[in-house]
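Here the structure comes first, spelled out in structure tokens, and everything after it is commentary.
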There are 2 protein chains.
Amino acid sequence: MEILNAAEILAALGHESRLAIFRLLVQAGPDGINASAIGEQLGIPNATLSFHLSHLSRVGLIKGERESRFIHYSAAYETMDELIAFLAHNCCQGKACLPKTSACDSVAKRRNKKTDPQE
Amino acid sequence: MEILNAAEILAALGHESRLAIFRLLVQAGPDGINASAIGEQLGIPNATLSFHLSHLSRVGLIKGERESRFIHYSAAYETMDELIAFLAHNCCQGKACLPKTSACDSVAKRRNKKTDPQE
DNA sequence: TCCATATTTCCATTTTTATCGAAATATGAA
DNA sequence: TTCATATTTCGATAAAAATGGAAATATGGA
């Protein structure tokens, strides 16, 4: 992941409605839910919802798949995973800076891996 | 962490210059570096840099501390940690959705903890 | 076909954010 | 004091993003 890409993804999440949509899908699981169900749960008008859904799709945070008249949206977990890895990349010089998640991919840790996804 | 707060933090990171600043500080370690050094490394004019630094400070992603004529900025690791925990909260219904970081704080995992930081 | 529903696109408007020169402020050194 | 450097604030402008009604499109059922 490159910095411009990461910034776009973060900007997409940096809006209350889109973040709420994304979390709803993260918690809904791989099957996802359809657009109108999202709109009802969050109280967002059609046009606005569609705008946010396409924004989230464009940056790769969610995926939409049509099933008859509905479009089921689901979270793209791998994008979130890459984003978190990007944020934690080379962080804190080996100290335990992220105790809640253990997400820190320190130089010391990465030394034992075969491939480095970012260099 | 609440959703409005998380969205503000994500929006702050969702700008190429601010993300570059934040990563520079994440990798610089706890001592941090001063504003002019950031400006030189990233090629950002004074006024613009100051705007972004205060934005990052306001949402709690970085901290500035004056040392004589310089202000040393450093990353607030705990805010990043909380943000990542927020994103991964209740994700994916127990499946291994975040293999790169293992950051997923699933219901199954949390069942073994005493306190839940978000509920 | 005709209708109902799901979703998107169009469009005009409003709101928010970013940019950066110039001036102001802060600190310490000579 | 006077000067040099570090950083912020001011202010005007430009650029980008968000909003949502109305119309258009897509799909399947009657």
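All chains are named by letter (A, B, ...) in the order of the sequence lines, taking the proteins before the strands, and each is independently numbered beginning at 1. What you see is a predicted model, and the numbers here were worked out from it, not measured in a lab.
Here the P atom of nucleotide C/dT17 and the CG atom of B/L19 are 18 Å apart, to the nearest Å. Between the CZ atom of A/F51 and the P atom of C/dT8 there is a distance of 13 Å, given to the nearest Å. With rounding to whole Å, B/I71 atom CD1 is found 9 Å from C/dT27 atom P. Between the P atom of C/dA29 and the CZ atom of B/F70 lies a distance of 10 Å, rounded to the nearest Å. Per the geometry, NE2 belonging to B/H15 stands 12 Å off P belonging to C/dT17, to the nearest Å.
In this structure, A/S50 contributes its side chain and A/N46 its backbone to no donor-acceptor pair below 3.5 Å.
You'll find the side chain of A/Y73 stays beyond 4.5 Å of the side chain of A/E65, heavy atoms only. Put simply, the side chain of A/I9 reaches to within 4.5 Å of the side chain of A/M1, judged on heavy atoms.
The salt bridge (charged side-chain N to carboxylate O under 4.0 Å, His left out) test applied to A/E78 returns A/K63, not counting sequence neighbours. Applying the side-chain hydrogen bond (donor to acceptor under 3.5 Å, both in side chains) test to B/H15 and every residue at least two apart in sequence or in another chain returns nothing.
Taking every heavy atom of residues 52-68 of chain B and every atom of DNA chain C, pairs under 4.0 Å involve B/H52, B/H55, B/R66, B/S68, by number. A heavy-atom distance below 4.0 Å to DNA chain D is reached by these residues of residues 40-50 of chain B, ordered by number: B/N46, B/A47, B/S50.
Legend: ring pair (Phe, Tyr, Trp, His ring centres under 6.0 Å) pairs involving residues 19-42 of chain B, not counting sequence neighbours: none detected.
Boundaries of the chain B contact region on DNA chain D are D/dA4 to D/dT9, first to last in 5' to 3' order (nucleotide atom under 4.0 Å from a heavy atom).
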